[in-house]
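Structure, as structure tokens:
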Number of protein chains: 2
Amino acid sequence: MKDEPVRQRILAEATRLFAQRGFEATSVQEIVVSAGVTKGAMYHYFDSKDDLLHEIYARVLRMQMERLTRIADGPGTLKQRLHRAAADVVETTAANLDDSKIFFRSIHLLAPETQKSVRADRRRYHERFRDLVVEGQRAGIFSDRVPADLVVDYFFGSVHHLGTWFHADGPLTGAQVGRHFADLLLTSLGAGNVNE
Amino acid sequence: MKDEPVRQRILAEATRLFAQRGFEATSVQEIVVSAGVTKGAMYHYFDSKDDLLHEIYARVLRMQMERLTRIADGPGTLKQRLHRAAADVVETTAANLDDSKIFFRSIHLLAPETQKSVRADRRRYHERFRDLVVEGQRAGIFSDRVPADLVVDYFFGSVHHLGTWFHADGPLTGAQVGRHFADLLLTSLGAGNVNE
DNA sequence: GGGCATCAACCGACTAGTCGGTATGCTAAG
DNA sequence: CTTAGCATACCGACTAGTCGGTTGATGCCC
């Protein structure tokens, strides 16, 4: 922890505090004390408090997009890939709950311009995921009774809400919840068994 | 608007501003100016800024709980009642999007004690809803492959996230989204047709 | 009906403190 | 001598909440 690069340490502590107390309720002073540095150091690495939040967002979005792409373009049937992608995003979200909490609580506090760019990244992710569903609907593997966009909004609503109830020391692991959620998604698309 | 009781006007404006700019980013000064009253008036009706937020929560929770109870204890088969309850909560959430936005963004900013009481109310709602699912699983009408609690978390995650993408002037009405979401819920419970 | 008391509703200047951000200085490396 | 990497002291803006005071309606006594 102590030999971690200063920039990373500031980001890590900021993430922890933002998730615990909220963005606005956390002062820059608290962050730098917690990270064992001074304000000067923080403003050396980041332009503003907003910039700090933006970096936290960008990091998690990059990670999720990379994983989704790898799974979607990887091997396996469509059902398998969708199931895998769904379970994976649940598991990684559970493993980085702080990021998830911060994201949906605080995005509205960013400057409008920054907000727009973050939302655009988010939409690209959503669309890549949706394309899997659309592909299955076109192929007749998935039911198209409910529009693909709505199904994806339905699913991601659940994922994004993990932060309000999931606990690492609860009865279920992130991987278990991931499998269940992926099952629910597939079932609601009328594609009961993943291996059919 | 002008002859609306002062207390209601303050609540309405606070709701609007909190949803638009966030709780922390909205000053008491802005609220009172927007409502056409003074700070004295606001602190005459409410104990604190927190109290204002708490009132907003309490109001929407009361309304939702009342509607759920009426539907759950009302006529119809289990499938019909669950479908009705699910569609209803989506529709009322869409109709009061501001409340929903504020709720999940700002609850962590309340005093711990207040937070606990709000969460307790919320849990009671969740449990009443879950009981419908459990009842169906026991009766063999719904699949019990996924635990009822998880199914309900899955569903309400989607509902609570309406605030991030739903717009009243979008392509779908609240009622339409409600029907789709209720369909998805029933389908994921393996209960395809509502009227079977 | 006139005088008096009471009370909720409301006003707005004020306080005490906090916040994000900056200006300047120092040190060590190259 | 220059630059990166910080530290420290400080500023101006803004905030939630307070408090002494005003206003107008109502009730009651004589």
Side-chain angles (χ1 to χ4, degrees), chain A residues 1-57 102 105-115 118, chain B residues 1-57 102 105-115 118:
Chain A
M1 185 79 158
K2 207 62 197 215
D3 57 336
E4 211 176 347
V6 172
R7 203 189 123 93
Q8 292 307 314
R9 221 165 62 220
I10 294 173
L11 262 183
E13 283 308 301
T15 304
R16 205 176 53 82
L17 288 170
F18 288 166
Q20 194 175 88
R21 304 220 266 274
F23 177 73
E24 289 284 296
T26 305
S27 69
V28 172
Q29 200 55 239
E30 288 175 307
I31 297 171
V32 299
V33 167
S34 209
V37 297
T38 62
K39 254 182 166 183
M42 194 242 131
Y43 277 95
H44 175 73
Y45 287 108
F46 301 95
D47 293 341
S48 63
K49 197 186 170 189
D50 273 28
D51 188 38
L52 204 48
L53 187 57
H54 179 62
E55 274 302 304
I56 294 174
Y57 287 171
I102 298 171
R105 275 181 190 163
S106 315
I107 189 176
H108 63 289
L109 297 170
L110 284 177
E113 206 179 315
T114 316
Q115 234 176 104
V118 172
Chain B
M1 185 78 158
K2 206 64 197 211
D3 56 337
E4 211 177 345
V6 172
R7 202 188 124 95
Q8 292 307 315
R9 220 164 63 220
I10 294 173
L11 262 183
E13 283 307 302
T15 304
R16 205 176 54 81
L17 288 171
F18 288 166
Q20 193 175 89
R21 306 219 265 274
F23 177 74
E24 322 93 292
T26 305
S27 72
V28 172
Q29 200 56 239
E30 287 175 307
I31 296 171
V32 299
V33 167
S34 208
V37 299
T38 61
K39 245 179 166 185
M42 194 242 132
Y43 278 96
H44 175 73
Y45 287 107
F46 301 95
D47 293 341
S48 61
K49 198 185 169 189
D50 273 27
D51 187 39
L52 203 48
L53 187 57
H54 179 62
E55 274 302 304
I56 294 175
Y57 286 172
I102 299 171
R105 274 181 192 164
S106 316
I107 189 176
H108 64 289
L109 297 169
L110 285 176
E113 208 178 313
T114 316
Q115 232 175 105
V118 172

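The basis for the numbers below is simple: all heavy atoms, side chains too, and nothing from hydrogens, waters or symmetry mates.
The residue B:Lys39 sits close to a base: some heavy atom pair falls under 4.0 Å. Nucleic acid contact class of A:Ser27 (heavy atoms, under 4.0 Å, all strands): sugar-phosphate only.
No salt bridge links B:Glu24 with B:Arg105; every basic N to acidic carboxylate O contact stays at or beyond 4.0 Å.
For B:His44, no side-chain nitrogen or oxygen approaches OP1 or OP2 of C:dC10 to under 4.0 Å.
Between the CD atom of B:Glu24 and the P atom of C:dG20 there is a distance of 12 Å, rounded to whole Å. Rounded to a whole Å, the CZ atom of A:Arg7 is 12 Å from the P atom of D:dG5. One can place CD of B:Gln29 at 11 Å from C1' of C:dA13, the figure rounded to the nearest angstrom. A straight line from CE of B:Met42 to P of C:dG12 spans 17 Å, rounded to a whole angstrom. The distance from atom CZ of B:Phe46 to atom P of C:dC10 is 12 Å, rounded to the nearest whole Å. Protein atom OH of B:Tyr43 is 5 Å distant from nucleotide atom C1' of D:dA16, rounded to whole Å.
Distances from the side chain of B:Val28 to the nucleotides C:dG20, C:dC11, D:dA16 place D:dA16 closest. The B:Lys49 side chain lies nearest to D:dG17 when the options are D:dG17, C:dG12, D:dC6. Looking at the side chain of A:Val6, the nearest of the listed nucleotides D:dC6, D:dA7, C:dG20 is D:dC6. Counting only heavy atoms from C-beta on, A:Tyr45 has its side chain closest to D:dC6 among D:dC6, C:dG21, D:dT15.
Where A:Asp47 and B:Val37 each meet DNA chain C at their nearest nucleotide, the meeting point lying more 5' is that of B:Val37. DNA chain C is contacted by both A:Phe23 and A:Gly40; A:Phe23 maps to the nucleotide lying nearer its 5′ end (nearest heavy atom per residue).
At distances below 3.5 Å, at least one donor-acceptor pair connects side-chain atoms of B:Lys49 with backbone N or O atoms of B:Phe23. Judged purely by atom type and a 3.5 angstrom limit, B:Ser27 uses its side chain to pair as donor or acceptor with the backbone of B:Glu30.
Here the CD1 atom belonging to B:Ile31 is positioned 9.5 Å from the CD atom belonging to B:Glu13, to the nearest 0.5 angstrom.
Only one option out of B:Thr114, B:Leu110, B:Val118 pairs with B:Leu53 in a side-chain contact (heavy atoms from CB on, under 4.5 Å); it is B:Leu110.
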